[in-house]
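So that the names make sense, note that chain A is the first sequence line, chain B the second, and so on, each numbered from 1. Side chains included, hydrogens not; waters and symmetry mates left out as well; all remaining heavy atoms used. As the structure is a prediction and not an experimental result, all values here were calculated from the model.
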Amino acid sequence: MKKVVVLAAVIALTSAGIAFAGDYHYKGTLNCNECHVMHGSQQHGYNADGTGTFTTVGGAGPYQWLLRNEPNALCLSCHDNQTFAPDVLQANGGTAPTLGRQAGGLNMNNTAPYFDATGHTLGSTATAPGGTFANPVGLECIDCHSPHGRGGTHASNPYRNLYAGGNVISYAVATNDLTKDVFERVAGGTDHYDIGNVDFNEPKSDSSYYGQYCKTCHTNFHGKSTDANMAAGGVAGNWIRHPTADVNISGGLFDDRAYRVKVMSPTGSWGTQGTAWGATMPADLTPSCFTCHKAHGNQRAFGLIYPDSAGVLPIGEEGSGARYRDLCRDCHSRG
Amino acid sequence: MRLSLPILRIRGLVILAIIGVLLPALAGASNGSGDYRGRPLHKRVTTPKMAAGITSFAPTYHNGVTLRCSDCHAMHESRQHPVDGDPLSDPFGPYPQNYNGGKSLLKAPDPVDLCLTCHDNQAGIPDVMTADANGLTERSAGYFAPVGTRNPRGHSLDRGQSLAGSDLCNRCHFNGMADASVSCIDCHNPHGNNKSRNLQWASWPGGEPEFGMFEAASATGLQRYEAANIGYGTDAATVFEVTNMCVDCHHVYSGNGYIDPDGDGIHNRHPSSEAERGSTNNIAQGAASGTTVPAHWVAGTGAGFQATPRLRFVNNPALNFADATAIDPAKNGVFCLTCHRAHGGDNSFSLRWDPTSGISGEGCDQCHAKN
């Protein structure tokens, strides 16, 4: 899966953080020839003298949509073990963000330590837990990410080029905007994807657009406190599934933790990692999917994040501890 | 008795060699020409009549009274003086002229050298190599790199290109297209054929149909080679896309069986209009699936157009310059010359835009508007 890659991509990615605040593969960084080839073959590079590297066409080509390879293999030709693009599969063989990848790493082929049970599994034909979605040809990167971004006809691009569907996960870059769902502190570069540089706003107190996005496949796991799939009889407070929105964290241990898992804040107040909130903790912090799970996965079952029991260590891709119960105890004081 | 592995290998090689020799020979026998000319590549067996309403395509030099034997041939490799009012000096220099001639009494050792004697750096004659001596804004076919050089920006022109037997095929087959070269007379009939630009099927000279390349009525002289004065059309019956001739070497870049092998409407190769194989297209066709944006193409501004003028298209139907240049997504089709210049140009792959410009989607987004 390690392929020769497009020089243009290297150049563009290197400068992406400067020229294009946000994510790659849309508008000014949507470069057709990085993924497509017109005639199913290519003899030389794009420089006028024929030099320049490019993603080679896969052996089973030509491929539909004029792709250079099957979608997953094509995405991974840049997004696995390359220094110029975020590494999204298994261990990070590319450039490592300081604290780790916010989305963690996908798994494929049940390869230790990223077993199939540790998160989203590329190529899996399984039905999404809690829903009915299944890709008969196996889970593909493009089931979740739009390879073209949202397109030039739209004003804003979704966070990480995630398919918009009915809910766009909006995001602000560098300067927070509380009306957006996600706040990325750094516009580009290695730490653009760093755990420490991504936080989550809560534009609507009873909703999580991030959760709504996940709900596209994991249907029954998301909703408001009065939705029947979340609360018995649709009665608020009668939770039958862990809330992903429409609830606030109170009491428990969250205010005692120096390092905390991610939560949504309607005011952009997530405190300072490394310093416990204490009595100053806001009363409107809300957990959502990313509080407990890595979107891609990690080395823990279910892609869960295991903090250390005392909450004194920085939380990386796997967390900082070794037990799932300490994830629960980040908020809940039982035990 | 079972054969040992080495013997099997040797026999396999022998079989391959026999196939390599016999197939071209059989094909040649099939068209009765005595040599291998690619009848299998084209369905037509006779040159069609002019399309209704078309009285003639713009005449090109090297036809009729402009087919002057002495332009290219010399009987004795020398000439002492002009005849019939010819100028006292021509591209071969002043008289007396002595030629380093080639076969067929040519005035140069290779057809490429002969053609370029006039078609390179001679004012008043279409200049097909490097800078244009005539100062056209854009030569409709672009230009070649110097002879004998590998040209990633277009066709590589070189000497010694044989058409004998299966040599045309073998330039790419068994040798690789990346190292293949062309001669002027692969694509142009040096004795004229009354087709636009004297274009011909390399695999079957004389078998070609009418090519739909139309010049503006107002264009005369060298202005007939100005890109803005050329339009492309087809009626998909009697007049075919000029790029019908490209198929002779680039077999698999057009035709439904190659661009959409399973016929599900999702292309594996980019469509390139080719009426002969029933594989025409237009920009409006992609709207339903969201792959093209016809209104964006009509508007002609924004993504894709930032540094690149409107790309060329082939109109279907269109049998004159006005019809061939009308903007209509339901008629404007993509063909080879949409993205590439026939001879070559400044950009890799002879593209009409610079793929390294840093402007994403340039060219592509004229139809697709993804940015």
Side-chain angles (χ1 to χ4, degrees), chain A residues 6-16 18-20 24-54 57-58 60-71 146-154 157 161, chain B residues 145 149-154 156 176-180 250 252-254 258-262 264-272 289-291 293 295-296 302-304 306 334 336 338-340 344-351 354-365 368-371:
Chain A
V6 183
L7 180 61
V10 179
I11 297 169
L13 277 163
T14 304
S15 60
I18 300 169
F20 307 103
Y24 199 74
H25 297 306
Y26 86 109
K27 291 189 175 178
T29 57
L30 181 60
N31 300 310
C32 316
N33 59 0
E34 290 176 358
C35 302
H36 299 281
V37 63
M38 296 302 100
H39 308 300
S41 65
Q42 186 167 346
Q43 304 293 330
H44 55 74
Y46 290 99
N47 295 326
D49 61 0
T51 62
T53 54
F54 52 90
V57 180
Y63 300 90
Q64 289 198 319
W65 305 110
L66 285 60
L67 294 174
R68 291 177 180 271
N69 210 324
E70 294 294 347
S146 169
H148 296 137
R150 200 183 178 199
T153 56
H154 299 275
N157 204 55
N161 292 332
Chain B
T149 60
R150 302 310 309 158
N151 181 19
R153 299 172 301 283
S156 295
M177 182 170 275
D179 295 322
H250 304 284
V252 301
Y253 292 173
S254 58
Y258 293 111
I259 64 173
D260 183 13
D262 59 6
D264 67 353
I266 302 173
H267 295 123
N268 291 40
R269 291 186 171 95
H270 198 285
S272 183
S289 62
T291 56
V293 183
H296 182 76
Q306 295 174 84
V334 173
C336 309
T338 299
C339 304
H340 305 279
D346 291 336
N347 304 317
S348 188
F349 301 106
S350 191
L351 287 171
D354 180 3
T356 63
S357 68
I359 305 175
S360 62
E362 194 66 7
C364 308
D365 275 345
H368 298 289
K370 295 297 181 191
N371 284 282

Colleague: Considering all heavy atoms of both residues, which atom of A:A48 and which atom of B:R153 are nearest to each other, and what is their separation?
Modeller: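 Looking at all heavy atoms of both residues, the shortest contact is O-NH1, 2.7 Å.
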
Colleague: Which answer fits B:S254, side chain, backbone, both or neither, if we ask what part of it has an atom under 4.5 Å from a heavy atom of chain A?
Modeller: neither

Colleague: Measuring from atom CG of B:N151 to atom CG of A:D49, what distance do you get when rounded to the nearest 0.5 angstrom?
Modeller: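 Taking CG in B:N151 and CG in A:D49, the distance rounds to 11.0 Å.
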
Colleague: Measuring from atom CE of A:M38 to atom CG of B:L351, what distance do you get when rounded to the nearest 0.5 angstrom?
Modeller: 9.5 Å

Colleague: Of the non-hydrogen atoms in B:D264 and A:Q64, which two are nearest, and what is the gap between them?
Modeller: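 So the two residues come closest at OD2-NE2, 2.5 Å.
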
Colleague: Closer than 3.5 angstrom, by distance alone: can the side chain of B:S360 be matched with the main-chain N or O of A:G28 as a donor-acceptor pair?
Modeller: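 Pair found, side chain donor or acceptor close to backbone of A:G28.
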
Colleague: Quick check on B:A178 against chain A: is it the side chain, the backbone, both or neither that has a heavy atom closer than 4.5 Å?
Modeller: both

Colleague: State, to 0.1 Å, how close B:G361 and A:C32 come at their nearest heavy-atom pair, and which atoms those are.
Modeller: CA-SG, 3.7 Å

Colleague: Taking all heavy atoms of B:K370 and all of A:L30, pick out the closest pair and write down the distance.
Modeller: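 So the minimum-distance heavy-atom pair works out to O-CD2, 3.3 Å.
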
Colleague: Carefully, step by step, assess A:H44 and B:S348 under the rule side chain to side chain contact (heavy atoms under 4.5 Å, CB included).
Modeller: CA-CA 8 Å; A:H44 55 74; B:S348 188; 3.1 Å; yes

Colleague: Counting only N and O atoms by type, is there a donor-acceptor contact under 3.5 Å from the side chain of B:T356 to the main-chain atoms of A:N47?
Modeller: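 Not confirmed, B:T356 side chain does not pair with A:N47 backbone.
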
Colleague: Is A:S41 close to chain B through its backbone or its side chain, or both, or neither, when contacts mean heavy atoms under 4.5 Å?
Modeller: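 Contact with chain B involves the side chain of A:S41 alone.
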
Colleague: Between B:P355 and A:N33, which heavy-atom pair has the shortest distance, and what is it?
Modeller: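 Where B:P355 meets A:N33 most closely, the heavy atoms are CB-ND2, 4.3 Å.
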
Colleague: Among A:H39, A:Q43, A:H36, which residue forms the greatest number of heavy-atom pairs with chain B at distances under 4.5 Å?
Modeller: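 Result: the option with the highest number of such pairs is A:H39.
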
